[in-house]
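Working notes, structure below.
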Number of protein chains: 2
Amino acid sequence: MKYEKLDAAAIDTLLTERRLWELARDGAAISRSFKFRDFGEAFAFMTRCALIAEKLDHHPEWFNVYNRVDIVLSTHAVSGLSALDFKMAEAIDRLTPAD
Amino acid sequence: MKYEKLDAAAIDTLLTERRLWELARDGAAISRSFKFRDFGEAFAFMTRCALIAEKLDHHPEWFNVYNRVDIVLSTHAVSGLSALDFKMAEAIDRLTPAD
């Protein structure tokens with residue numbers, strides 16, 4: 001297994017660095033919602049996220065309607081959160097420097 | 001208003017041509033779930049759907065996790081289904097001739 005399941009203390013620490021993300025699914029996932037000007041901007045963002053996903057070989061669960069993108073990250077192999085989720089969240093955050 | 005709300009009889013007729021789509025939300029939407037080989041194929045499909053969405057100026061509500069894409073179509077302006085939803089469903093179906 002490439003990544004180990006993080007415990008609550010480790011998650012708390014990592015969340016202080018990713019303050020725009022929230023715990024979801026009883027601590028088994030993190031989520032963040034993004035808003036853009038329109039669908040085109042939202043999908044451009046999704047395309048950049050898709051490239052990150054392939055690069056990290058880690059894939060989001062995500063929902064889009066018009067200018068909104070909701071992303072949920074978790075690591076199925078550990079039934080919870082791993083360092084990979086926070087690595088991906090950080091890479092995604094870097095796409096939206098305005099926040 | 002560009003499109004009028006379809007009544008149940010019209011929806012039934014249109015659904016016979018779009019047999020892989022199902023009524024959702026008490027008849028206010030149609031949905032279809034797609035499976036692909038992997039995330040790359042799923043996202044390539046989503047990119048083609050995004051181009052259709054911009055061309056028709058009509059946008060899906062959709063969810064993706066790995067190789068699965070769930071699409072829900074409805075027309076907010078009529079609080080239900082319009083001809084535009086079926087036009088979009090038809091265009092999306094054309095992307096997956098294998099089905």
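Each chain gets a letter, A, B and so on, in the order the sequences are listed, and its residues count up from 1. None of the values given here were measured: they were computed from a predicted structure.
Centroid-to-centroid, the aromatic rings of A:Phe43 and B:Phe43 come within less than 6.0 Å.
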inquiry  = Pair A:Phe39, A:Asn67 - check side chain to side chain contact (heavy atoms under 4.5 Å, CB included), show working.
reply    = CA-CA 5 Å; A:Phe39 176 76; A:Asn67 66 337; over 6 Å; no

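Taking the side chain as every heavy atom from C-beta outward, A:Met46 and A:Val69 approach each other to under 4.5 Å.
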What donor-acceptor contacts under 3.5 angstrom involve side-chain atoms of residues 78-92 of chain A, with partners at least two apart or in another chain?
from    : atom 1 : to      : atom 2 : distance (Å)
A:Ser82 : OG     : A:Thr75 : OG1    : 2.8
A:Ser82 : OG     : A:Leu84 : N      : 3.2
A:Asp85 : OD1    : A:His58 : NE2    : 2.6
A:Asp85 : OD1    : A:Ser74 : N      : 3.2
A:Asp85 : OD1    : A:Thr75 : OG1    : 3.3
A:Asp85 : OD2    : A:Thr75 : N      : 3.4
A:Asp85 : OD2    : A:Thr75 : OG1    : 2.6
A:Asp85 : OD2    : A:Ser82 : N      : 2.9

Side-chain polar contacts of residues 9-17 of chain B - donor-acceptor pairs under 3.5 angstrom, sequence neighbours left out - could you list them?
from    : atom 1 : to      : atom 2 : distance (Å)
B:Thr13 : OG1    : B:Ala9  : O      : 3.1
B:Thr16 : OG1    : B:Thr13 : O      : 2.5

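Pairs engaging residues 39-51 of chain B under the side chain to side chain donor-acceptor pair (under 3.5 Å) rule: B:Arg37-B:Glu41 [sequence neighbours left out].
For residues 49-57 of chain A, the interface with chain B (any heavy-atom pair closer than 4.5 Å) comprises A:Ala50, A:Ala53, A:Glu54, sorted by residue number.
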